2 protein chains.
Amino acid sequence: MPMALGTDYELQDCTLARALEVVGERWSLLILRDAFYGVQRFNDFLTHLGIPRAVLTARLNALVAAGVLRKEPYQQTPLRHGYLLTDAGLELWGPLYQLSRWGSRHATEAGPYHLFAHAACGTDLDLVGACPTCGGAPVRPAEIVMRPNPARTGSRREDAVSLALVRPHPLLEPIASAAAPA
Amino acid sequence: MPMALGTDYELQDCTLARALEVVGERWSLLILRDAFYGVQRFNDFLTHLGIPRAVLTARLNALVAAGVLRKEPYQQTPLRHGYLLTDAGLELWGPLYQLSRWGSRHATEAGPYHLFAHAACGTDLDLVGACPTCGGAPVRPAEIVMRPNPARTGSRREDAVSLALVRPHPLLEPIASAAAPA
DNA sequence: GAGGAAGGTTCATTCACCAGACCTGCGATC
DNA sequence: GATCGCAGGTCTGGTGAATGAACCTTCCTC
């Protein structure tokens, strides 16, 4: 609930409220989830999320202003840029992963849509996002590989991003949005 | 974004979207935060959050319907009930704590408003909510004591809940809403 | 039987979300 | 050299939700 009037929690003595001012608005966390999946371009966010264009514009600008995303040119002519996670944005992986895990336990019957493993050893992450085999702190996003849950059949989405994610995919690696597999 | 029309993310192949349908609406996570702090009564939520009454009614009902909160009578005549966390609700502590920690690192300059320690040993929790001294999994909410951050002066709120939280307080322990300290 | 507390409901207004149409470079096509 | 298409937007009108304030009900106390 950032920027716009009436959407802040300024009277709360709580850093949770501060965090929600940045990422608490509708769509914001889903946009960031996509950014972790490797989505970078406006149109890929648009088709994968099914979000109204004007709302996507507003959210991306707000997240850039909040220092969670940054704009990075990927071609010069015509000038085009993608949206990438900043260091602060990368640190949102923990809460995002935990919330997703909570959702798979309590807000759906059929379990998770995607599974997340430590790239170095292939072990699925535990509930705080650490590697049970290698131990230690939670695994950083760049060292995580996601794959579809084989027990979850029938992904009904047909957009470029969803199609790219049917194969195992390292987090943060750009989605090949123009690739049309034969 | 639960219940009402236009507020769901049903097309998302993602358990994060499922979780956000339950707790993603404005105010929902702040209500749950208060529930962890020991707030149970309608009027305590109301004065501590500064939320419109109608919205509080809607959110509490939605959270009860989602199985995150439950209504528990605390007196019979007249019948009054409080709102308590269910088991599913208690498991939201992880994401909530991590999001709050992120907020204290990136969304505020002066650091956290509250500190959280393992009740058994007094050690402050680490970034995933585990006890650095005792090790192991994240500490459960019932074994956590919160206290104000001494470096954060000037809490501007004067409601019963804020006043109760100036002293160290175990999570989930009911706030004494009627106690007026001399 | 007046006043007050707890937990709501009802109301008008404001605001944000939504879907869709439109606009602006720029490059490739015909 | 007009048209097509793509990427990344902006603009607009309609709708639903949030907001703040007032009101209601039940019970208790004085």
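No experiment lies behind these values; they were computed from the predicted model shown. Numbers restart at 1 for each chain; the letters A, B, ... are given by sequence-line order, proteins then strands.
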Look at the side chain of B/W27 and decide which nucleotide, out of D/dT19, D/dG9, D/dA7, has an atom nearest to it.
-> D/dT19
N/O (side chain, B/R26) to phosphate O (OP1/OP2, C/dA16) under 4.0 Å = no
Quick one: A/H81 NE2 to C/dG25 P, roughly how many Å, whole number?
-> 15 Å
Of all the choices, D/dG20, C/dC17, C/dT9, which nucleotide is nearest to the side chain of A/R59 once you look at every atom?
-> C/dC17
Reckon B/F45 touches a base, only the sugar-phosphate, or nothing at all at heavy-atom distances under 4.0 Å?
-> nothing
Is the shortest side-chain N/O distance from B/Y83 to OP1 or OP2 of C/dA6 below 4.0 Å?
-> no
Length of the CD-C1' vector between B/Q40 and C/dG7, whole Å | 16 Å
Provide, to the nearest angstrom, the distance between the CG atom belonging to A/L46 and the P atom belonging to D/dT10.
-> 13 Å
Output the single nucleotide from D/dG8, C/dC17, C/dG8 whose closest atom is nearest the side chain of A/V55.
-> C/dC17
Cation-aromatic face contact A/R152/A/Y113, 6.0 Å, 45 degrees = yes
A/E25 has a side chain; which of C/dC17, D/dG8, D/dT19 sits nearest to it?
-> C/dC17
Residue closer to the 5' end of DNA chain C, B/N61 versus A/A54 (nearest nucleotide) = B/N61
Separation between CZ of B/F42 and OG1 of B/T47, rounded to the nearest 0.5 Å | 10.5 Å
Classify every nucleotide of nucleotides 25-30 of chain D by which part a protein heavy atom approaches to under 4.0 Å, writing B for the base, S for the sugar-phosphate alone and - for neither, in 5'-to-3' order.
-> -BSS--
Show me, pair by pair, the donor-acceptor contacts under 3.5 angstrom made by side chains of residues 91-100 of chain A, not counting sequence neighbours?
| residue | atom | partner | partner atom | Å |
| --- | --- | --- | --- | --- |
| A/E91 | OE1 | B/R105 | NE | 2.8 |
| A/E91 | OE1 | B/R105 | NH2 | 2.9 |
| A/E91 | OE1 | B/H106 | NE2 | 3.0 |
| A/E91 | OE2 | B/H106 | NE2 | 3.3 |
| A/Y97 | OH | A/R101 | NH1 | 2.7 |
| A/Y97 | OH | A/D126 | O | 2.9 |
| A/S100 | OG | B/T15 | OG1 | 2.9 |

Would B/V128 and A/L127 show up in the same hydrophobic cluster when neighbours are defined by side-chain heavy atoms closer than 4.5 Å?
-> no
How many Å lie between CD on A/Q75 and P on D/dG8, as a whole number?
-> 8 Å
Closest listed nucleotide, where the reference is the side chain of A/R53 and the choices are D/dG9, C/dG7, D/dT19 | D/dG9
Is any side-chain N or O of B/T57 closer than 4.0 Å to OP1 or OP2 of C/dG7?
-> no
Whole-Å distance separating the CG atom of A/L56 from the C1' atom of C/dC18 = 14 Å
